[in-house]
Amino acid sequence: MTINNKIPGYLLGKYQLIGTVTFSVLFAIVYLNIAIPFSDTAWFALGDSALFLMTLAYITIAIITLVVSRVLMYKSKQVIEHTYVSYILWCVIEILMICGLYTWLTIEATGVPQNDAINIFQRALKFASIALGIPYLISGMYFAIIDKNNTIRLMNYENVVTDEPAKPDTSMQKITLFDNSGALKLSLNLENLYYIESDDNYIKVWYTDNKGEIKQYMLRCRLKTVEESFKGSGLVRCNRKYVVNINKVKVLRKESEGYVLEIDNEAIPPLPVTKTYTDTVLSHFTETQPLLEPMDD
């Protein structure tokens, strides 16, 4: 990993951003209440009506600033490929904005000369770097651990010694699903998997059990994580909602609105292929793979 690498998607998720802001605000309030007695430029007060209103205004504006910033961060991921550098710079700018707000209100609230602004800003920066920097770091580490535990893993048992009889026609690749505590919840052969469906922050894994019946397993995980985990395998993203096992596709058919995939199971409806993923899907089809049917009249 380098600092110019693309940032993991879990840091820009909606619930992760909400959690980061909430934890940061609570941490900052506790920290500032502890640190205020040691600062000669702090003017926060609960008893004095004027300073109390100023304190309330500062906290409110600071929270709104963080919320708006994180909303913009969440929206911007659609058009900007955030890296570790851009994410860190974004966090630094948030801290500088909060310090600038504090400096301005301090001059207005205490009447100190404006030429003291640099000194006030520097002291505010020291406190804000701790009050916001630490919760940002802790939140990032926490969500990294959660994301790792939620990752679907592709395991190859080809070189594992086992007492099970050899099955030459069976794929040796297995998919394993883990919960938040790291406990193994589901393990199945890749050949039994049909497709994986995105459902907000969860995924649904559709597969057949040992009786040949279609089953569904739900796990808190991002479909992007699945796509990255299975890169190079037979699992292919066909649109924003589905990752399909190409080996389970019976027919690739072109219709008026685009391509659709017919799965080798009548109980499963055809899966649409959007333009974004058309080339990727088509690249997996050769003369020996499922038939490409012409567009219906």
Side-chain angles (χ1 to χ4, degrees), residues 6-10 12-15 71-82 150-152 154 169 171 173 175 177 186 188-209 211-297:
K6 182 180 178 182
I7 197 170
Y10 59 78
L12 301 177
K14 179 171 63 176
Y15 295 105
V71 170
L72 291 175
M73 180 184 286
Y74 177 76
K75 297 291 185 181
S76 68
K77 69 179 183 179
Q78 305 296 333
V79 294
I80 301 176
E81 188 175 271
H82 285 281
N150 285 340
T151 299
I152 292 184
L154 184 64
D169 297 329
S171 171
Q173 291 183 314
I175 296 173
L177 281 70
L186 177 67
L188 65 147
N189 288 325
L190 182 58
E191 66 173 7
N192 293 330
L193 173 68
Y194 283 100
Y195 69 99
I196 300 173
E197 177 183 1
S198 174
D199 187 6
D200 198 10
N201 282 330
Y202 291 82
I203 59 169
K204 296 177 182 177
V205 181
W206 296 89
Y207 65 99
T208 51
D209 60 12
K211 297 180 181 179
E213 298 179 357
I214 293 289
K215 297 291 183 179
Q216 174 199 128
Y217 189 87
M218 181 175 283
L219 177 76
R220 185 177 177 84
C221 181
R222 297 173 298 108
L223 199 62
K224 183 66 176 178
T225 301
V226 177
E227 183 182 14
E228 294 172 352
S229 299
F230 296 123
K231 194 169 293 183
S233 73
L235 295 181
V236 181
R237 186 83 170 259
C238 63
N239 62 42
R240 293 178 62 87
K241 191 173 182 180
Y242 301 111
V243 166
V244 63
N245 186 352
I246 285 294
N247 297 321
K248 290 294 186 180
V249 175
K250 179 175 63 174
V251 171
L252 169 66
R253 186 175 67 253
K254 187 174 183 181
E255 297 185 343
S256 57
E257 296 182 357
Y259 290 96
V260 296
L261 300 173
E262 287 191 6
I263 308 301
D264 190 16
N265 192 305
E266 295 182 356
I268 300 175
L271 304 180
V273 180
T274 55
K275 292 182 179 180
T276 304
Y277 302 99
T278 297
D279 291 341
T280 302
V281 171
L282 291 179
S283 68
H284 284 76
F285 287 84
T286 65
E287 295 179 357
T288 59
Q289 286 181 305
L291 174 66
L292 174 62
E293 291 189 349
M295 179 176 65
D296 294 336
D297 295 330

Practice task
Begin from the C-alpha positions of Asn189 and Tyr207 and carry the test side chain to side chain contact (heavy atoms under 4.5 Å, CB included) through to its verdict.
Solution key: CA-CA 9 Å; Asn189 288 325; Tyr207 65 99; over 6 Å; no
Exercise for the section: May I ask you to test the Ile246-Leu235 pair for a side-chain heavy-atom distance under 4.5 Å? Expected result: no
Practice task
Show your reasoning for whether side chain to side chain contact (heavy atoms under 4.5 Å, CB included) applies to Asn247 and Asp264.
Solution key: CA-CA 9 Å; Asn247 297 321; Asp264 190 16; over 6 Å; no
Practice task
Give a yes/no verdict on a cation-pi contact between Lys248 and Tyr194, requiring under 6.0 Å between NZ or CZ and the six-membered ring centre and an angle within 45° of the axis.
Solution key: yes
Practice task
Answer whether the closest heavy-atom distance between the side chains of Leu261 and Val273 falls below 4.5 Å.
Solution key: yes
Handout entry: Interatomic spacing from CD1 in Ile203 to OH in Tyr217 - rounded to 0.5 Å
Key = 10.0 Å
Practice task
State whether the number of non-hydrogen atoms from other residues, nucleotides or ligands found under 6.0 Å of Lys77 atom NZ is greater than 12.
Solution key: yes
Exercise for the section: Spell out, as yes or no, whether a donor-acceptor pair under 3.5 Å connects the side chain of Asn245 to the backbone of Leu193. Expected result: yes
Taking distance alone, no hydrogens or angles, what donor-acceptor pairs closer than 3.5 Å link side-chain atoms of residues 237-244 to residues at least two apart or in another chain?
unit_1	atom_1	unit_2	atom_2	d
Arg237	NE	Asn239	O	2.8
Arg237	NH1	Glu227	OE1	2.8
Arg237	NH2	Arg240	O	3.2
Asn239	OD1	Lys241	N	2.7
Asn239	OD1	Tyr242	N	2.9
Asn239	ND2	Pro272	O	2.7
Lys241	NZ	Glu197	OE2	3.4

Completion exercise
Nearest heavy-atom approach of Tyr74 to Leu12 is CD1-O, 3.2 Å
Exercise for the section: Using atom types as modelled and distance alone, determine if a side-chain donor or acceptor of Asp209 lies under 3.5 Å from a backbone N or O of Gly212. Expected result: yes
Practice task
Could you give me the CA-CA distance, side-chain angles and deciding distance for Lys204 and Asp199, then say whether salt bridge (Lys or Arg N to Asp or Glu O under 4.0 Å) is met?
Solution key: CA-CA 7 Å; Lys204 296 177 182 177; Asp199 187 6; 3.6 Å; yes
Completion exercise
Output for pair (Lys211 NZ, Thr208 OG1), nearest 0.5 Å, gives 13.5 Å
Problem - Interatomic spacing from CD1 in Ile7 to CD1 in Ile80 - rounded to 0.5 Å - result: 12.5 Å
Exercise for the section: Take Val236 and Thr280 through the side chain to side chain contact (heavy atoms under 4.5 Å, CB included) test and state the conclusion after the steps. Expected result: CA-CA 8 Å; Val236 181; Thr280 302; 3.8 Å; yes
Handout entry: Glu255 and Arg253: CA distance, side-chain angles, deciding distance, side chain to side chain contact (heavy atoms under 4.5 Å, CB included) verdict
Key = CA-CA 6 Å; Glu255 297 185 343; Arg253 186 175 67 253; 2.7 Å; yes
Exercise for the section: Count the heavy atoms belonging to other residues, nucleotides or ligands that lie under 6.0 Å from CD of Gln216, then report whether that count exceeds 12. Expected result: yes
Problem - Val281 side chain reached by Tyr259 side chain, heavy atoms, under 4.5 Å - result: no
Problem - Any side-chain heavy-atom pair of Lys215 and Glu213 under 4.5 Å - result: yes
Problem - Straight-line distance of Ile214 CD1 to Asn265 CG, nearest 0.5 Å - result: 4.0 Å
